[in-house]
S.K.: 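Structure incoming, see below.
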Amino acid sequence: CTYTARIYNGSTAEASTAQYMPSVANHSASLALTCIVTPAGSTTYTIQATSNQGTSCVIKAAALVNAQGNNATVITAIKLA
């Protein structure tokens, strides 16, 4: 199973990553993305992720083990003055 993810502003991938797992049986993956942007006007950024295994690989809101709430997928933004 190959996982891919990106931070996307609607026209440009600001950051992207991929991870290959040799088996799709009972495993999880962690993908980290980081970018510094200078948005012009009102820009929306999204995290987009997919796998090559269709619906057998999904993004979860909470970690599968020892979850501490629905915080497994987040965007943290800091505005620099």
Side-chain angles (χ1 to χ4, degrees):
C1 184
T2 300
Y3 300 96
T4 59
R6 67 183 180 176
I7 297 176
Y8 189 65
N9 70 6
S11 63
T12 302
E14 300 291 348
S16 61
T17 189
Q19 181 174 354
Y20 171 75
M21 302 291 284
S23 171
V24 295
N26 301 320
H27 72 276
S28 61
S30 177
L31 301 174
L33 296 163
T34 303
C35 66
I36 298 173
V37 298
T38 307
S42 178
T43 304
T44 300
Y45 292 92
T46 59
I47 294 176
Q48 297 175 328
T50 190
S51 78
N52 64 346
Q53 296 296 314
T55 59
S56 65
C57 298
V58 296
I59 298 173
K60 298 287 188 177
L64 297 177
V65 179
N66 299 322
Q68 300 295 309
N70 288 340
N71 55 11
T73 304
V74 298
I75 293 178
T76 301
I78 300 171
K79 182 177 179 180
L80 304 174

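Computation of the quantities below employed the complete heavy-atom set of this structure, encompassing side-chain atoms and omitting hydrogens, waters and symmetry-equivalent molecules.
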S.K.: Once you round to the nearest 0.5 Å, how far does CD1 of I7 lie from OG1 of T12?
M.R.: 13.0 Å

S.K.: Using 0.5 Å steps for rounding, measure from the CZ atom of R6 to the CD1 atom of I47.
M.R.: 12.5 Å

S.K.: Does a side-chain heavy-atom distance below 4.5 Å link C35 with Y45?
M.R.: no

S.K.: Please give me the minimum heavy-atom distance between S51 and Y3, naming the atom from each residue.
M.R.: CB-CD2, 4.0 Å

S.K.: Would you name the heavy atoms of A18 and L31 that are closest together and state the gap between them?
M.R.: C-CD2, 4.3 Å

S.K.: For the hydrophobic clusters of this structure (ILVMFWY residues joined by side-chain heavy atoms under 4.5 Å, transitively), does one cluster hold both V37 and L33?
M.R.: yes

S.K.: Which heavy atom of Q19 sits nearest a heavy atom of S30, and at what distance?
M.R.: OE1-O, 3.2 Å

S.K.: Mark yes or no for whether N52, through its side chain, and T2, through its backbone, hold a donor-acceptor pair below 3.5 Å.
M.R.: yes

S.K.: As an exercise, state the distance from OG1 of T34 to CD of E14, rounded to the nearest 0.5 Å.
M.R.: 12.5 Å

